[in-house]
Amino acid sequence: MMKELILTLLEAKKFGEARKEIIELNEVDIAELLGELEADYAIILFRMLPKDTAVDVFAYLSNEQQIDIINRITDKEIKHIIDELYFDDMIDMLEEMPASVVKRILKHTREEERILINQFLNYPENSAGSLMTIEYVGLKKEMVVKQALAYIKRTGIDKETIYTCYVTDDNQKLEGSISLRKLVISDEAVAIGELMETDVIYAHTHDDQEKIAQLFKKYDLMILPVVDKERRLTGIITIDDIVDVIEQEDTEDFQKMAAIIPSEIQYLSTGVVTLARNRITWLLILMISATFSGTIIRRFEDVLSSVVLLAAFIPMLMNTGGNAGAQSSTLVIRGLALGKIEISDVLRVIWKEFRVSVVVGMLLAGFNFLRIYFLEGMDVYISLTVCGTLFVAIVFAKLVGGILPIIAQRLKLDPAIMASPLITTIVDAVTLIVYFSLASKIMGIV
């Protein structure tokens, strides 16, 4: 493997051969390799890289690795990295850096750049303003195609992308967009104003990153302009940044659905105390709420003592109900996240989940009746009680699992919190009440 080869060469002090091997790799692979090496070897390899390659690799390193490298390299090396990093990558890096490191970095930036950096750092976290870059191609509608192409050729080297250009007026208000492809194939004497698209999809600086991700997915975008409250173009967001956002949002949702307080720090880099703190809150809440189930069982203690066999079916009923609710909530939460389900669809969701739950409930209840009555030889009244409860539990669980995430969305909460652990707790309590109530009625237990 490459890691073993590089380590062998470094330990043998064959630095020239190690450099020859590593510069053949893709920047992403180099960053991954550096992350697997000890800090001392990683910094040796980083300094071996050509300057431009080092900048690209630096952008792919984890926050911890970036801090370690900045603390070990010279001010001249820091200045080169800062000068060559794309603006949005630099903002992403600075947002995660300790104040002492940020101060050292800003020391090497120009005054006008420091003003811009401070402006970007003041945007709300996870907003469009914090994601965007100012490195876009801006054109005027009075330009002709020939002038526009010359301008792109002259300035494009420093831009994040040149494939979509944006047209603004003298007050920097967004007026339209035009693709490089359209410029290349159009007559050189035609004005940009005649060729540009005026129906531009854009975001505002304070829009949440989750909304931005939905826009990219809905309209199949590669780039999105960002405007302020006066519709002045302030920057652009590119697809590579949104891929990171989607991954981050999905990870956050998974953590919430597992009753864990979300954290952006990687699992192996997170301390034991932090991991415990992120998990204990919801576990404590769920543990306390689960005592309701115990209270219900004690309330119906007479029923249980009369027919002890009823206790044997409690785990099956509670697990099946919880799993049924988790299925529905997972599908609805995902639909809400992707924009496929809206709050206004609540009645459609209820009707669909009701029909699904009736079909699933009847099949499972029928199967269980055959198993309990014929195979296990239980009394017909016990069989009816268990299977009736199972049917009701599944219908209730699927309705609750479908409705609660939509209610959360309506209340401006993250639907992911209405996931398996919380729904299971609610369904467990209702299932026990139905179970013992049915047993009392069907079996005549007072």
Side-chain angles (χ1 to χ4, degrees), residues 59-64 66-67 85-99 101-102 105 116-136 160 201-219 221-229 232-267 269-270 274 277-278 281-282 333-339 343 405 408-419:
Y60 288 111
L61 293 173
S62 69
N63 181 247
E64 292 81 5
Q66 288 178 340
I67 293 174
L85 269 179
Y86 282 121
F87 194 81
D88 58 332
D89 289 331
M90 180 164 58
I91 294 298
D92 289 342
M93 176 186 71
L94 292 175
E95 284 180 328
E96 303 297 330
M97 293 282 181
V101 179
V102 172
I105 291 172
L116 279 173
I117 289 171
N118 288 326
Q119 178 186 338
F120 272 67
L121 291 176
N122 285 328
Y123 283 117
E125 186 179 4
N126 299 330
S127 68
S130 68
L131 288 174
M132 68 185 182
T133 177
I134 56 171
E135 290 154 343
Y136 62 88
E160 179 101 357
I201 298 164
Y202 58 86
H204 290 93
T205 51
H206 284 68
D207 285 347
D208 186 80
Q209 65 178 17
E210 195 165 358
K211 180 181 178 182
I212 306 303
Q214 289 173 354
L215 286 175
F216 269 83
K217 287 184 282 190
K218 181 177 181 179
Y219 296 103
L221 302 175
M222 296 296 290
I223 183 173
L224 180 72
V226 181
V227 301
D228 62 15
K229 59 184 179 181
R232 291 177 300 198
L233 183 62
T234 55
I236 60 170
I237 299 173
T238 51
I239 186 64
D240 59 315
D241 297 311
I242 289 304
V243 169
D244 294 336
V245 168
I246 292 172
E247 181 182 347
Q248 179 186 333
E249 291 291 339
D250 286 347
T251 301
E252 184 178 299
D253 285 345
F254 285 134
Q255 290 172 332
K256 287 181 179 178
M257 290 170 71
I260 298 172
I261 296 174
S263 172
E264 294 182 11
I265 305 174
Q266 293 181 12
Y267 173 76
S269 301
T270 308
T274 303
R277 186 173 63 244
N278 290 344
T281 304
W282 267 105
I333 289 168
R334 193 59 183 156
L336 290 168
L338 296 175
I343 295 175
Q409 183 97 321
R410 181 69 182 82
L411 297 174
K412 308 295 184 186
L413 301 173
D414 192 328
I417 65 174
M418 299 298 183

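What you are looking at is a predicted structure, and each value in this text was computed from that prediction instead of being measured.
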Sequence neighbours left out, what passes side-chain contact (heavy atoms from CB on, under 4.5 Å) with [X]? Give chain and number order.
X: Ser127; result: Tyr123, Pro124, Ser130
X: Tyr136; result: Gln172, Leu233, Ile236
X: Gln409; result: Leu336, Ile343, Pro415
X: Lys218; result: none

Mind checking side-chain hydrogen bond (donor to acceptor under 3.5 Å, both in side chains) for [X] and listing every partner two or more places apart, or none if nothing turns up?
X: Glu160; answer: Thr238
X: Tyr60; answer: none
X: Asp208; answer: none
X: Asp244; answer: none

Rounded distance [0.5 Å steps], OG1 in Thr205 versus CE in Met132: 6.5 Å
Value rounded to 0.5 Å, distance of CD in Gln209 from CG in Asn126: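 Between atom CD of Gln209 and atom CG of Asn126 there are 3.5 Å.
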If the condition is salt bridge (Lys or Arg N to Asp or Glu O under 4.0 Å), which residues does [X] pass it with, not counting sequence neighbours?
X: Lys211; value: Asp207
X: Arg410; value: none
X: Asp89; value: none

Counterpart residues, ring-ring contact (aromatic ring centres under 6.0 Å, His included), relative to Tyr202 (two or more places apart):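 ring-ring contact (aromatic ring centres under 6.0 Å, His included) check on Tyr202 returns His204.
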Please report the shortest heavy-atom distance between [X] and [Y], naming the atom on each side.
X: Ile212; Y: Ala128; answer: CD1-CB, 3.8 Å
X: Phe216; Y: Ile237; answer: CZ-O, 3.3 Å
X: Leu221; Y: Leu215; answer: CD1-O, 3.8 Å
X: Ile201; Y: Leu224; answer: O-CD1, 3.3 Å

